[in-house]
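Input: a single structure, listed below in structure tokens.
Residue numbering restarts at 1 for every chain, and letters A, B, ... go by the order of the sequence lines.
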Amino acid sequence: MNLCGYYPESINEGEGLRASVFISGCKHYCKGCFSARTWNFNHGEPFDDKRQREIIREMAENPLLDGLTLAGGDPFFSAAEASSFIDLARESIPGLNVWMYTGYTFEQLAARPESDEYGLLRRGHVLVDGRFEQELRDVSLLYRGSSNQRLIRIPESLERGEVVLWEREKVFM
Amino acid sequence: MSTTLPLFPAARSKEIDALEEITKLGRDIADSLDTETLRENANLNGDSFSGKISKFGSEYAKWYARLHILPREVEAAIRGNTVYVHDLDHYAVGTTNCIFIPFDKLLAEGFSTGNGDLRTPRTIMTAMALVAIIFQCQQNAQYGGVSANKIDHDLAPYVGRSFIKHFRKGLSYFESFKEGDEILAGSATPEGPADEEIYMDNTDLRDRYPHAYRYAYQETRQETFQAAESLVHNLNTMSSRGGGQIPFTSINYGTCTSSEGRLVMESLMESTMRGLGQGQTPIFPIQIFKCKKGINQSIGEPNYDLFLKAIECSTKRLYPNFANLDAPINMEYYVPGDPNTEFATMGCRTRVVADRFGRNHLSGKGNLSFNTINLVKLGIENGIVLGERKRADEEGFYEMLDEALDIAMTGLLHRYRIQAKQPAKASDFMMREGVWEGGDALGPDDKVEDLLKHGSLSIGFIGIAESMKAMYGKHHAENEDVYAKALAVVRHMRAYCDAMSEKHNLNITLFATPAEGLSGKFTKNDAKEYGCIPGVTDREYYTNSFHVPVYFQTSAARKISLEAPFHEVCNAGAISYIELDGNVRSNPEAFRKIVAYALDQNVSYFSINHPIDRCTSCGHEGIIGESCPSCGKKETEVHISRLRRVTGYLTGDYQTRFNGAKQAEVRDRVKHAGQAAPRQ
């Protein structure tokens with residue numbers, strides 16, 4: 001698994017201040033992708049144990065973080081390894097909140113409970129799903145690029161067997 | 001034998017030198033040859049006619065002050081690049097710096113602009129119009145900023161007056177009118193409650209006269225919103241000082257819990273969010289939200305909703321900033337229930353609270369002047385950076401620091417004596433109308449000294465980071481020992497200020513200088529003298545006061561906790577910033593969390609910088625790269641306005657209105673949080 005980007009504190013991939021980790025490799029090949037170079041699984045640096053622990057330590061030391069976001073590429077093409085990373089992180093940061101970006105739909109991922117992809121899915125709190133569709137592009141959308149993409153509460157959705165959308169708590173606006 | 005020959009050739013040549021200097025000075029301005037001078041101040045359009053005319057005046061006044069007024073050692077220290085005298089153009093005439101305006105008093109008693117008398121306003125619409133006029137008049141009486149330290153409390157009574165007016169109207173329209181009444185009958189004033197009974201929070205009133213109350217409530221809200229909108233517009237459009245500058249206005253609010261006061265705040269923030277014209281971000285007034293536990297910091301507290309609104313407004317418009325009333329340094333003179341003792345700022349950061357002569361409140365006084373010390377030069381002279389020694393010469397550093405402090409102090413006292421002997425009439429509006437507390441009791445020719453003593457004289461500093469780098473090879477964010485040494489240097493300066501306060505019986509305070517117009521000058525001169533030293537003189541600017549350098553990569557939390565302890569020491573004011581990248585308006589929770597953390601760490605005054613780019617073609621605001629993400633137009637086709645903050649003030653387009661050093665500083669800013677990662 002390779003790492004093609006890491007922002008220790010980001011406000012752009014999910015609610016609050018989050019560490020954003022971009023995993024290399026994607027086979028969705030969406031037209032208009034903002035970072036086609038990250039499709040390559042060899043792009044970036046090896047996301048080995050040492051680098052993972054570095055990032056986890058930084059996260060653990062940061063009192064302001066709301067959680068971790070996995071993006072890419074598409075982390076679901078490296079599902080088993082990405083799951084291990086989350087597990088490792090939760091050893092130091094119990095209850096770590098995780099958001100994930102994917103080009104798959106929630107329904108596709110939820111359909112095969114025995115798969116590695118499902119394993120990764122159930123480790124997350126919120127999923128931003130769906131391919132980027134250029135004709136549905138809308139810059140005003142929250143945390144996503146095209147209007148087909150959804151912000152989904154993973155645990156509630158898996159429990160009910162239907163998509164439950166994430167909504168901001170009505171503190172602001 | 002010939003009288004045309006000079007008696008003293010040396011003196012004669014001095015005169016010729018002087019003439020040459022002053023001729024060059026004029027030519028540089030008239031022909032726009034020196035853009036650094038013209039752009040020295042981001043708030044002044046130095047390319048305009050009026051900007052140039054005012055430059056002629058100020059450049060000559062500076063030249064004159066250096067040649068004829070300044071004490072020799074101060075002049076030498078300026079030339080030696082160790083001390084900077086701010087607003088030197090106002091030195092010879094004795095102008096003072098900034099002030100907190102007692103708007104409550106001026107509005108209640110009415111005032112005169114010099115050309116006309118104004119009565120106390122009967123409505124919030126008029127009151128807010130007068131606020132703009134007062135700001136403008138006062139701005140002409142000094143060289144620094146003008147601030148309202150409690151605008152919510154000051155304006156609440158006028159919202160109340162509007163409410164009474166609308167309520168009485170409502171009574172006559174709705175409550176007294178009955179079936180069968182003559183519709184066109186004259187306005188028989190209905191019996192109604194006394195004025196004292198008519199206020200928004202009176203629930204009896206609401207229950208007894210629901211129609212009139214509702215009418216008055218809606219009308220008052222609407223009027224207050226309109227009043228706030230026009231105030232914000234006025235403060236961005238009216239000029240002062242011969243037309244060259246927009247007044248440097250600041251308004252502080254946050255603690256008034258009456259419905260009237262809350263409406264003032266809500267309206268100001270809503271107007272700010274709506275913006276000017278087609279939705280531009282207002283540059284003025286600087287807005288400061290005063291954070292106080294028990295009033296606006298947690299769910300259930302009366303103004304918590306307004307704190308959240310302040311967060312929302314700041315994610316969209318960069319203001320308000322956040323003042324921390326709970327920081328120990330700001331609690332010292334705080335009297336619950338007396339808003340005039342609540343910490344507030346002059347916007348850029350200036351803090352004036354304590355007064356050894358008893359006026360331990362804010363309005364009616366201000367800072368008189370400040371001089372800034374170049375800590376970097378002292379670091380270079382005594383550090384390891386030039387390779388002249390293996391260990392930093394701390395003794396030498398402190399010796400030179402004390403010398404610089406003495407010179408800065410000499411300059412402050414000398415200037416104070418010039419200021420103190422001015423007659424009241426010189427500051428015109430400020431003394432005549434009692435904007436400076438007690439000024440209205442003076443005759444036009446009375447000296448102002450006895451009143452000015454309540455103000456503060458401040459010593460500022462710049463470049464702790466580069467100074468430490470020059471001394472020890474690392475700056476204060478890179479090494480714990482160096483951090484301790486940096487804090488010790490600042491504490492030493494504070495102790496000096498405290499000692500001088502006793503010695504001279506004046507309010508001498510330590511200031512974390514905002515480096516407008518200065519950040520490049522010190523650096524340019526030091527680079528000329530010592531060459532380009534990596535991490536010290538290799539940039540076009542020095543780092544602000546005690547700040548962690550903008551180019552140093554660290555987390556938001558760490559930057560805050562490193563800078564927080566310095567706030568307590570700088571009793572003349574300080575600010576900390578965090579740089580955020582990305583469209584923070586869509587993630588206010590992240591913003592709120594960072595603000596809350598800064599307050600919790602006892603940062604006295606805090607703000608978050610984030611880019612606001614605006615496509616002038618479609619009006620889209622957010623982050624704009626080479627092309628507008630909304631309309632797709634490229635920067636080569638359409639102007640993209642890029643709003644940034646410099647030394648506390650916003651400026652419309654940093655590429656055209658910032659001076660070179662400031663532009664470089666903006667380019668180098670490391671975002672502590674929220675790298676602009678693209679989205680999927």
Side-chain angles (χ1 to χ4, degrees), chain A residues 4-22 26 28 30 32-36 38 58-59 61-67 69-75 100-103 128-132 137-146 149 168-173, chain B residues 273 299 304-305 307-309 311-313 315-316 553-561 578-598 600-601 608 610 615 618 620-625 628-632 670-680:
Chain A
C4 57
Y6 163 55
Y7 298 120
E9 295 175 318
S10 175
I11 57 170
N12 300 310
E13 298 87 24
E15 189 73 348
L17 199 63
R18 316 184 68 82
S20 291
V21 166
F22 294 78
C26 181
H28 294 299
C30 303
C33 176
F34 70 88
S35 58
T38 68
E58 268 193 42
M59 287 197 293
E61 284 172 358
N62 193 330
L64 285 174
L65 279 193
D66 288 283
T69 296
L70 290 184
D74 182 338
M100 306 165 172
Y101 280 76
T102 185
V128 186
D129 83 336
R131 297 170 55 87
F132 172 66
R137 175 177 171 273
D138 178 352
V139 292
S140 69
L141 292 167
L142 195 59
Y143 305 134
R144 58 206 193 278
S146 58
Q149 297 174 322
R168 170 171 286 158
E169 287 172 49
K170 292 268 180 270
V171 176
F172 289 99
M173 275 78 79
Chain B
M273 284 193 270
I299 296 170
Y304 187 61
D305 58 334
F307 174 66
L308 295 181
K309 192 177 274 294
I311 300 274
E312 184 193 343
C313 187
T315 65
K316 294 193 165 109
Q553 189 90 48
T554 186
S555 72
R558 185 149 183 275
K559 183 174 196 290
I560 289 168
S561 56
I578 286 297
E579 306 289 328
L580 275 183
D581 204 350
N583 197 356
V584 71
R585 64 180 65 191
S586 59
N587 194 345
E589 173 54 20
F591 197 101
R592 186 201 62 78
K593 214 168 175 187
I594 296 171
V595 172
Y597 185 79
D600 193 50
Q601 295 287 307
I608 295 179
H610 53 95
C615 172
C618 73
H620 172 79
E621 280 196 337
I623 297 187
I624 303 179
C628 172
S630 183
C631 71
V670 170
K671 313 300 180 183
H672 305 104
Q675 297 287 352
R679 293 180 192 153
Q680 282 204 322

**Item:** Any residue meeting ring-ring contact (aromatic ring centres under 6.0 Å, His included) with B:His620, in chain and number order, not counting sequence neighbours
**Value:** none
**Item:** B:Asn587 (side chain) donor-acceptor with A:Gly14 (main chain) under 3.5 angstrom
**Value:** yes
**Request:** Mind listing the closest non-hydrogen atom pair of A:Gly16 and B:Ala590 along with its distance?
**Result:** C-CB, 3.5 Å
**Prompt:** Looking at A:Arg168 and B:Ser586, what are the two nearest heavy atoms and their distance?
**Reply:** NH2-O, 2.6 Å
**Prompt:** From B:Ile594 CD1 over to A:Ile11 CD1, what is the distance, rounded to the nearest 0.5 angstrom?
**Reply:** 7.5 Å
**Message:** To the nearest 0.5 Å, what is the distance between CD on B:Glu589 and CG on A:Leu17?
**Reply:** 10.0 Å
**Complete:** Sorted by chain and number, sequence neighbours left out, side-chain hydrogen bond (donor to acceptor under 3.5 Å, both in side chains) with A:Glu61 holds for none
**Request:** Go through the atoms of A:Arg137 and report whether side chain, backbone, both or neither lie under 4.5 Å from a heavy atom of chain B.
**Result:** side chain
**Fill in**
For A:Val139 and B:Pro629 the tightest heavy-atom approach is CG1-O, 3.3 Å
**Request:** Would you check, one step at a time, whether the test side chain to side chain contact (heavy atoms under 4.5 Å, CB included) holds for A:Asp66 with B:Lys593?
**Result:** CA-CA 9 Å; A:Asp66 288 283; B:Lys593 214 168 175 187; 2.9 Å; yes
